[in-house]
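Read the structure below first, then the notes.
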Amino acid sequence: MEYPFQEIEKKWQKYWEKKRLFYVNEQDQRPKYYLLSMFPYPSGALHMGHISNYSIADAVARYKIMQGYKVLQPMGYDAFGLPAENYAIEHNSHPKITTHQNIEKMRKQFKSIGFGYDWDREFATCDEEYYRWNQWIFLKMYEKGLIYRKSSFVNWCPFCQTVLANEQAEHGYCWRCETKVEQREVEQWFIKITDYAEELLDHSKLGKWPQRVITMQKNWIGKSYGTEIFFKIAESNEIIPVFTTRPDTIFGCTYMVLAAEHPLVRKLKKGSPNEKEIDEFVNRIINEDKILRTAEDTEKEGIFTRRYAINPVNGERIPIWIGNYVVMEYGSGAVMCVPAHDQRDFEFSNKYELPIKIVIQNWDKSLKLEKMKSAYVDDGIMTNSEQFDGMKSREAINKISEWMEQKGIGKKTVNYRLRDWGISRQRYWGTPIPIIYCDKCGIVPVRENELPVKLPDSVQVGKTTQNPLATVSDFVNTTCPKCGGPAKRETDTMDTFFDSSWYYARFCDPKNDKLPFDKEIASHWLPADQYIGGIEHACMHLLYARFFHKFFRDIGLTLTDEPFTNLLTQGMVTKDGAKMSKSKGNIVDPQSFIDRYGSDTIRVFMLFASPPEKDVEWNDEGLKGAFRFLNRIWILVSEKNDFLIHCPKNYDEDIEISQSLRNLRYSTHHTIKKVTQDIENRMQFNTAIAAIMEHLNNVTSFNINEDSSNIEKAIYRESIEVIPKLLSPFAPHLAEEIWEMLGHKPSILESGWIAYNKKFLVKNEITYVIQINGKLRSKVIVDKNTSKNEVEKLALADPKVQKYTKGKKIKKIIVVPKKLVNVVVE
RNA sequence: GCGAAAGUGGCGGAAUUGGUAGACGCGCUGGACUUAGAAUCCAGUCCUGAUUUCUCGGGGUAGGGGUUCAAAUCCCCUCUUUCGCACCA
């Protein structure tokens with residue numbers, strides 16, 4: 001027999017919707033709990049990862065509702081971006097059409113699973129009413145000086161004549177035509193997230209975040225203390241700043257290397273006798289695959305510019321090289337090279353026969369240039385460094401920096417690995433950047449009251465060989481807000497990480513047409529108490545969102561420092577030990593399983609299979625196991641229903657009862673305690689569900705019939721009534737159904753969470769484990785009031801124990817109250 | 001290379017503070033029901049050795065060492081896996 005899950009699930013989904021149990025507002029007096037799951041890209045169908053993620057979130061939401069919170073659990077769609085554009089190209093359609101079709105499908109699917117969302121707050125980032133606030137935020141950041149233009153390199157496919165995203169240019173070849181991707185320099189918009197680097201490094205105002213994520217963010221930001229040293233270029237007025245963490249080695253600097261992308265390269269090579277060679281070298285390096293080029297085992301290569309810089313501490317002329325091992329993305333894109341004390345420089349100078357000079361001696365002063373097989377990178381004693389000679393190198397770092405600061409040739413700085421955030425995308429399906437270019441007035445931001453700059457529909461995606469928006473003359477041609485003359489619009493769109501950086505706040509006030517969100521309303525809900533999503537967003541999305549929140553605070557839109565108090569990063573759903581993916585062909589579609597076993601079953605399986613932050617291995621048989629469990633509950637209650645509703649609800653708690661009845665009552669209250677703690681303290685749903693299963697086993701093995709006493713009937717009834725309560729976060733439909741069958745008024749969500757009675761957790765008999773030398777040998781059951789001495793005596797009197805103690809000297813006896821006795825013998 | 005996390009039956013995983021290792025589920029084995037299968041129910045299931053049975057012993061949490069009356073849990077070393085960073089100046 002199978003329980004009618006289809007009927008039941010539909011029935012309760014309708015009921016919840018009708019009663020609006022998941023719709024919340026600010027006036028509601030219950031304490032708030034904002035539970036947010038990372039919103040999905042609308043691909044058209046939920047995959048297993050979504051089911052897992054949203055089942056976790058819904059379990060927490062329902063538990064919190066039963067605890068008396070008003071839970072804000074919203075849902076929306078991260079709808080802009082390249083995948084949608086590609087999808088439309090493939091299906092020969094328009095992203096607006098396909099995206100909306102996909103959203104329809106997903107909403108329907110969400111509803112059929114019965115997740116408790118406040119649907120009044122639903123939005124998609126491609127909605128005009130949403131992205132206009134992207135533009136508004138952009139303008140505010142622009143006003144605050146957080147946005148600037150800079151030229152940088154993009155992937156360019158010369159065959160498709162188009163810009164490629166990094167993931168489209170994997171291994172350096174175009175994903176569509178397999179042409180070798182080139183690097184082109186393009187002017188792009190950047191956000192100064194680095195202004196907030198220091199604050200983003202401070203994770204002290206967060207609640208429970210996985211240590212792993214915090215560490216990843218710290219590495220990503222990559223703060224390091226060092227010194228910036230200014231090198232003058234000989235026969236020029238140019239100054240090259242160089243960042244180093246080892247200013248103590250400055251006297252050993254024998255040359256300098258610039259990154260191939262360094263802006264000064266262009267000037268330096270001009271008029272050089274080997275200009276052509278330099279050009280060839282630079283072009284080759286720039287167009288090499290980034291990952292390959294920056295691998296540690298890639299051979300170092302370089303070319304001499306035939307120009308020199310002046311080492312500011314001793315006036316020496318040092319050659320300037322261009323090398324593949326220096327990257328533009330870190331520091332200033334130029335390094336001072338100290339071959340004696342840096343392994344990379346050591347290798348490079350050996351290859352190109354550049355001079356090596358020891359300026360740090362090892363502690364026994366045995367370092368000899370001729371014998372060096374690698375750089376000496378450790379601390380030591382300063383040498384060949386003029387007035388710093390004899391000093392410990394560790395101390396010299398600071399001393400030299402201060403001396404250079406005084407002389408104006410350097411300064412102590414902090415360097416971050418974190419780069420400013422390039423948000424320009426040469427793509428159609430995104431938020432238009434609200435900027436106008438006027439020949440007379442230059443760069444002019446769009447006026448706030450003219451927002452939104454609408455994304456035009458009339459673009460044939462995939463058919464253009466240039467930036468798609470540039471082909472729409474109605475869009476491009478406009479008038480300058482300043483002078484009224486003819487002007488052109490920016491045709492780049494925004495990175496979709498911009499959209500997802502503040503959706504959490506919009507959910508608080510999703511209909512606002514005056515502001516992205518109202519300060520008062522947002523402060524009511526923010527910060528989100530619990531955020532749930534994948535670990536893959538540890539750095540980018542979570543850093544951007546934290547940055548946005550701090551920016552909102554600085555312009556007076558929010559009150560707190562952090563957007564998400566607690567973070568849970570859930571694991572992936574795997575099949576055969578690997579992430580489900582198209583390329584591996586191991587994708588399992590959840591829908592067929594939902595149709596066959598119901599949404600409660602798939603939820604229970606997902607939550608039961610492993611703790612939330614670990615991966616879940618998909619298993620058809622395991623799913624059936626979850627179904628069997630739910631079915632067993634339904635059969636138990638429906639078969640005994642008539643009997644159960646005639647069992648008394650209350651009983652005298654102090655009355656003496658049999659041991660087996662006492663055990664049943666213990667199981668009931670112990671399970672409540674276990675499930676509550678597992679959810680509350682650890683979000684460990686697998687053990688919570690296991691506890692319910694165990695309790696169900698205890699209940700079904702208890703003998704009860706019409707002739708049983710009233711107290712037996714009452715305790716039995718109680719043991720069954722806790723099941724729907726505790727099950728409600730995990731299998732909400734079945735829980736409601738059973739709750740109603742047992743004669744209660746729906747909804748179970750409004751019935752409150754259940755408390756256990758401590759009194760019933762006290763056992764009147766205690767089983768002591770008896771060990772001899774730490775090995776389990778016997779057990780004794782004693783009354784709970786038995787004293788330590790008596791337990792000890794009883795243990796020694798045990799025949800099995802005597803077998804081991806006979807004729808031996810007892811050295812020690814350890815009694816752990818209520819647990820065990822360990823007898824130590826010779 | 002650096003950093004972090006982890007390693008427990010055939011499998012997913014329990015063991016919350018050092019105190020009965022393997023909860024719960026899957027799978028498997030045997031039985032009941034059935035013409036048969038599916039479903040369901042009952043019993044068993046870490047390895048291993050005795051034992052007619054009730055049972056009794058030995059070993060066991062990647063490997064090795066240590067602390068402790070007592071270690072999956074704490075410490076040291078080694079191995080493996082996963083993840084993050086990676087020519088970071």
Side-chain angles (χ1 to χ4, degrees), chain A residues 1-2 210-220 222 224 226-227 242-246 249 256-257 259 291 293-300 323-327 329-338 342-345 347-348 415-417 535-536 538-539 574 577 604-605 608-611 613-626 628-629 631-632 635 674 677-678 681-682 684 686-697 700-701 767-779 800 803 811-825:
Chain A
M1 186 161 59
E2 282 187 2
Q211 192 51 50
R212 206 166 138 220
V213 173
I214 291 174
T215 310
M216 278 164 78
Q217 291 198 347
K218 284 201 166 140
N219 290 340
W220 189 262
S224 61
T227 307
V242 159
F243 175 80
T244 181
T245 54
R246 293 293 302 274
T249 63
M256 172 186 279
V257 176
I291 294 157
R293 177 184 150 196
T294 56
E296 208 164 347
D297 47 9
T298 301
E299 174 145 4
K300 291 171 189 25
N324 64 344
Y325 74 102
V326 174
V327 293
E329 287 79 36
Y330 189 79
S332 61
V335 292
M336 62 175 227
C337 297
V338 187
D342 182 286
Q343 188 53 31
R344 294 155 300 179
D345 299 344
E347 287 167 28
F348 192 81
N415 188 56
Y416 299 95
R417 205 191 74 100
I535 186 84
E536 66 274 18
C539 289
T574 60
V604 167
F605 169 75
F608 178 66
S610 75
E613 64 284 351
K614 269 182 127 182
D615 290 352
V616 180
E617 169 73 12
W618 178 259
N619 178 344
D620 289 9
E621 297 306 318
L623 184 78
K624 282 188 207 165
R628 228 174 324 213
F629 165 59
N631 216 32
R632 280 217 295 149
I635 288 167
K674 172 87 178 140
Q677 288 182 347
D678 281 351
N681 304 344
R682 325 191 284 168
Q684 199 160 307
N686 56 334
T687 49
I689 293 169
I692 303 172
M693 289 174 169
E694 218 172 336
H695 179 61
L696 179 67
N697 292 342
T700 48
S701 59
T767 305
Y768 273 86
V769 165
I770 306 176
Q771 299 179 332
I772 311 289
N773 290 343
K775 277 210 164 84
L776 174 71
R777 294 300 178 191
S778 186
K779 288 175 190 179
K800 284 178 204 150
K803 213 173 93 187
K811 281 163 73 179
K812 206 175 186 182
I813 299 177
I814 288 130
V815 180
V816 180
K818 293 178 181 168
K819 281 222 170 108
L820 66 84
V821 181
N822 190 11
V823 182
V824 186
V825 297

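The analysis underlying the following values was restricted to heavy atoms, covering all of them including side chains, and did not include hydrogens, waters or symmetry mates. Sequence lines set the chain letters: A, B, ... in the order given, protein chains first and strands last, and positions in each chain run from 1.
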Would you indicate what [X] reaches in the nucleic acid, counting non-hydrogen atoms under 4.0 angstrom: base, sugar-phosphate, or nothing?
X: A:N631; answer: nothing
X: A:V242; answer: nothing
X: A:T215; answer: nothing
X: A:K775; answer: sugar-phosphate
X: A:G222; answer: nothing
X: A:E617; answer: nothing
X: A:Q771; answer: base
X: A:K803; answer: sugar-phosphate
X: A:N686; answer: sugar-phosphate
X: A:K800; answer: sugar-phosphate
X: A:V816; answer: base
X: A:V327; answer: base
X: A:R344; answer: base

Legend entry - Upstream residue (5' side of RNA chain B) when A:N415 and A:R212 are each assigned their closest nucleotide: A:R212
Legend entry - Short N-O contact, A:E347 and A:R344, less than 4.0 angstrom: no
Legend entry - Distance in angstrom units between A:R632 CZ and B:C42 C1', rounded: 12 Å
Legend entry - Length of the line joining A:F608:CZ and B:C11:P, which is rounded to integer Å: 17 Å
Inset, instruction - For B:G9, measure the glycosidic angle (O4'-C1'-N9-C4 for a purine, O4'-C1'-N1-C2 for a pyrimidine) and name it syn if it falls within 90° of 0, otherwise anti. - result: syn
Inset, instruction - Output the single nucleotide from B:G19, B:C88, B:A14 whose closest atom is nearest the side chain of A:K819. - result: B:G19
Legend entry - Residue A:T298, side-chain heavy atoms: nucleotide from B:C87, B:A14, B:C26 that is nearest: B:C87
Inset, instruction - Determine which bases of RNA chain B form Watson-Crick or G-U wobble pairs with both distances under 3.5 Å, and write the result as a 5' to 3' dot-bracket string with | for other-strand partners. - result: (((((((..(((......[....)))((((((.......))))))(((((....)))))..(((((..]....))))))))))))....
